[in-house]
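Whatever order the structure lists ligands and atoms in, that order sets their numbers, starting from 1.
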Amino acid sequence: MPDAAPAGAGRERLSGPQRALRRLGLVRPIDLALHVPLRYEDWTRVRPLADARDGDEALIEGEVLACEVLLRPRRQLVATLAVVGGGRCTLRFFTFYPSHQRALAVGARVRAHGELRGGWAGWTLVHPRLLSPDAPLPAGLTPVYPTTAGLPQPYLRTAVARALQQADLSETVPPEALADLPGAGGEPWTLQAALAFLHHPDPRAPRTALDDRTHPAWQRLKAEELLAQQLAQVRARRERDALRAPVLRAADDGLPWRLQSALPFALTGAQQRVVAEIAADLARPTPMHRLLQGDVGSGKTVVAALAAAVAVDAGWQCALMAPTEILAEQHFGKMVQWLEPLLAPLGRGVAWLTGSQPRAQRQAMLSRIAAGEAALVVGTHAVIQEQVTFERLGLAVIDEQHRFGVAQRLALRHKAGAAAAGMEPHLLMMSATPIPRTLAMSVYADLDVSTLDELPPGRSPIVTKVLAEHRRPEVMERIRQQVAQGRQVYWVCPLIEESEALDLRAATATHAELAAALQGVTGADGRPVQVGLLHSRLPPAEKKAIMAAFAAGALAVLVSTTVIEVGVDVPNASLMVIEHAERFGLSQLHQLRGRVGRGAVASVCLLLYSPGESGRVSESARERLRAMVETQDGFEIARRDLAIRGPGEFLGARQSGAPLLRFADLQTDEPLIEWARRWAPRLWQRHPGQAQRHLDRWLGGKLDYLKA
Ligand code: ADP
Ligand code: MG
């Protein structure tokens with residue numbers, strides 16, 4: 001019986017190791033078969049000490065000459081072996097049991113496996129594994145598996161060995177696809193052979209190819225995994241194509257056209273192209289699932305407004321959701337400014353939903369939304385709450401989508417409303433964090449992607465400088481000059497991971513320092529300049545008032561925690577100071593820097609760092625700061641961030657806990673990703689049964705994350 005979960009899995013009594021297996025997700029035989037070793041130990045031959053080097057892993061055999069428990073410097077069991085082939089070796093145990101003492105009785109013969117340390121006092125093995133000298137030596141390398149508390153290696157080894165016999169490892173990849181594998185020379189490895197090898201490699205196998213996963217058996221396993229991922233994506237796309245969505249098409253002289261003519265600027269070429277791509281999707285009867293990626297400041301908001309205008313012109317509602325109240329508020333302001341004048345004559349308007357609004361206002365908004373009178377609804381997570389019912393939601397836009405989880409995106413998709421029974425709204429996701437190419441090809445392969453690769457004209461580049469903390473006085477001076485010329489400044493306070501309270505204390509102190517430093521300075525209008533303080537603990541109304549004051553120019557300097565990280569748009573701000581920049585991630589720094597350089601004035605970003613107690617900034621922090629100085633291109637930043645940190649950050653909530661790729665690596669396995677992309681659609685088409693079996697084998701029941 002292939003790969004079925006054990007019967008009655010929920011009720012039976014499990015032993016400790018069995019429970020530990022469950023915790024690791026090792027339930028079916030196939031799960032265990034795919035649980036590949038972390039590394040190997042060589043127990044295949046007994047080594048003489050003569051050809052050993054310090055640090056070598058070795059299996060030695062010998063006779064116990066002495067064995068005693070020492071109490072100083074700490075309690076330990078120490079035995080001396082006369083090693084076969086000559087020489088002596090000390091075995092040392094800091095935790096030990098009577099069984100150790102029995103095995104190491106004077107005169108006994110033992111085998112010991114461990115890492116040899118060669119000091120001035122001769123060879124030592126600390127905590128070696130003791131083996132009986134009578135047992136036959138294994139023919140292959142001994143696997144060491146990733147494990148968890150309560151799951152000893154020997155138990156796991158036995159379980160895996162049994163599973164390798166039981167699991168159905170028959171081929172699901174057709175020969176023509178295997179023959180096409182990059183670098184495949186000669187007879188391709190079967191899955192069965194690859195797994196047998198990876199669990200118990202021949203001791204003569206090249207260890208580096210095993211360690212760096214370039215061995216053909218590894219390639220085969222990675223290819224399988226990547227193929228499963230692509231098959232899942234192809235299936236997700238097909239399932240979506242089977243759904244229905246309203247056809248949204250605007251009249252030639254309808255709202256989008258009128259909005260565009262009313263804008264104070266002309267769209268960039270990239271914006272026009274992207275708007276056309278979106279409009280084409282909206283006019284189709286299947287739900288759009290499109291990601292709009294564009295660097296900070298590339299003008300995504302107006303694209304969202306135009307998409308909304310299409311939906312509204314076609315008689316449907318649109319929702320626009322943003323991850324923070326500040327950003328939602330700002331979007332609301334823009335949508336009102338751009339769309340209300342056009343909607344009011346039609347008796348429709350823009351509604352606003354947030355967790356913090358007064359009850360009565362909220363009720364009023366809810367009934368306008370339910371009645372369809374609110375053509376556009378802007379808000380935070382409040383938009384997807386249960387009480388919110390749309391009359392007919394045709395389009396949902398999610399700004400800074402990587403900040404939202406799968407569940408939230410799903411919730412929005414299920415809100416089409418009574419008038420749209422059986423349909424799903426179109427979905428437009430926006431992000432300033434571009435997805436590196438390999439990720440786009442793999443994890444996001446089920447999305448359509450539009451890219452704004454052009455900034456609006458008239459922007460001058462931002463000059464970025466990295467300064468040590470002791471140059472703070474110069475920074476203060478620079479701020480004085482800027483504000484005296486009527487410019488505005490952001491000062492972002494350090495990120496203190498452990499504690500929001502500490503973040504706040506740092507921000508409050510900096511605020512006081514800046515207020516004191518700017519005392520008596522007058523702005524371009526001759527009035528004394530004001531410094532504001534913004535942080536996440538403030539009540540929403542106050543945040544809103546401070547943001548509004550900064551946007552209106554009444555505050556010259558805004559000291560803030562990272563609450564301004566995303567989306568905030570105040571074009572007159574031309575200087576950004578980030579304190580303790582070494583603590584921030586690269587994408588985060590780039591996002592923050594994107595708050596300046598939004599107008600025509602030349603902007604500057606100063607990254608202050610302090611080496612801390614060690615007197616040094618970590619290598620990765622230095623790489624991040626260097627990247628910030630060297631490039632302003634969001635794609636390049638994303639590429640470097642991926643190199644520094646790995647893909648976790650980009651996946652965000654989409655990953656929902658379980659790592660998507662256990663074996664393949666997005667950096668090094670691009671040719672395999674391309675192979676999987678080529679073959680997944682053909683496999684579904686030509687061998688659907690095999691494709692399904694392949695998916696079940698690799699993903700079991702964990703497919704939900706792909707549906708959002
Ligand atoms: P982001 O892509 O970071 O969300 P925004 O939508 O906030 O960028 O746009 C940044 C700024 O550029 C805003 O002030 C916006 O009004 C302005 N803008 C957008 N498109 C254009 C354009 N085509 N020409 C001039 N300014 C534009
Ligand atoms: Mg934005």
Side-chain angles (χ1 to χ4, degrees), residues 256 259-278 290-309 320-339 376 378-380 397-404 428-435 449-462 488 490 547-548 550-553 562-574 576 587-601 603 605 632-635 637-638:
L259 170 56
Q260 211 170 314
S261 343
L263 286 174
F265 49 76
L267 296 184
T268 63
Q271 283 169 324
Q272 285 173 19
R273 172 173 47 76
V274 160
V275 166
E277 285 165 4
I278 295 170
R290 186 170 284 276
L291 176 70
L292 168 58
Q293 59 179 14
D295 208 348
V296 282
S298 60
K300 294 183 289 294
T301 320
V302 72
V303 173
L306 286 161
L320 169 57
M321 183 161 79
T324 67
E325 190 133 353
I326 291 175
L327 186 50
E329 176 74 41
Q330 184 183 289
H331 282 339
F332 178 64
K334 281 204 172 142
M335 296 303 149
V336 166
Q337 182 196 335
W338 286 337
L339 286 167
L376 174 60
V378 183
T380 57
V397 183
I398 304 181
D399 195 15
E400 307 291 346
Q401 68 93 20
H402 57 289
R403 295 288 186 107
F404 289 95
L428 176 64
M429 293 170 270
M430 308 202 289
S431 174
T433 306
I435 305 170
V449 178
S450 291
T451 305
L452 286 177
D453 51 7
E454 180 186 354
L455 292 180
R459 302 270 169 87
S460 39
I462 306 169
Q488 288 172 280
Y490 291 102
M547 229 21 254
F550 187 66
T562 50
V563 288
I564 58 148
E565 181 181 338
V566 290
V568 173
D569 182 37
V570 178
N572 190 44
S574 60
M576 159 74 59
S587 297
Q588 205 176 14
L589 287 173
H590 180 64
Q591 279 272 2
L592 284 166
R593 174 171 61 184
R595 300 309 115 217
V596 295
R598 296 183 155 246
V601 268
S603 293
C605 174
Q632 214 179 306
D633 172 356
F635 277 92
I637 293 269

Item to check | side chain to side chain donor-acceptor pair (under 3.5 Å) partners for R459, two or more places apart | outcome: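 In terms of side chain to side chain donor-acceptor pair (under 3.5 Å), with neighbours along the sequence ignored, R459 is linked to no residue.
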Is it the side chain, the backbone, both or neither of [X] that has a heavy atom closer than 4.0 Å to ligand 1?
X    : result
T268 : both
Q271 : side chain
A266 : backbone
E400 : neither

[Y] backbone acceptor or donor facing [X] side chain under 3.5 Å:
X    : Y    : value
Q271 : T268 : yes
Q488 : F550 : yes
S574 : S603 : no
E325 : T380 : no
Q401 : S431 : no

Checklist entry - Is G297 in contact with ligand 1, taking contact as a heavy-atom separation below 4.0 Å? => result yes
Checklist entry - With a 4.0 Å cut-off on heavy atoms, is A432 touching ligand 1? => result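 False for this residue.
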Checklist entry - When you look at K334 and D569, which way does the salt bridge (charged side-chain N to carboxylate O under 4.0 Å, His left out) test go after all the steps? => result CA-CA 11 Å; K334 281 204 172 142; D569 182 37; 2.7 Å; yes
Item to check | Ionic contact status for D295 with K300, cut-off 4.0 Å | outcome: no
Any idea which atoms of ligand 1 are less than 4.0 Å away from a heavy-atom of [X]?
X    : value
P456 : 20 (N), 21 (C), 22 (C), 24 (N), 25 (C), 26 (N), 27 (C)
S298 : 2 (O), 8 (O)
V296 : 3 (O)
L267 : 23 (N)

Checklist entry - For G299 and ligand 1, does the shortest N/O to N/O distance drop below 3.5 Å? => result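 So ligand 1 has an N or O lying under 3.5 Å from an N or O of G299.
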Next on the checklist: Evaluate K300 for polar contact with ligand 1, using N/O atom pairs at a separation under 3.5 Å.
Outcome noted: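 Between K300 and ligand 1, an N or O pair is found under 3.5 Å apart.
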Checklist entry - Nearest heavy atom to atom 17 (C) of ligand 1: which of R459, R595, Q591 does it belong to? => result R459
Checklist outcome for this item: Judged by heavy atoms only, the candidate from V302, D399, T301, D569 nearest atom 15 (C) of ligand 1 is D569
Item to check | Distance, nearest 0.5 Å, that separates CG of D399 from OG1 of T301 | outcome: 6.0 Å
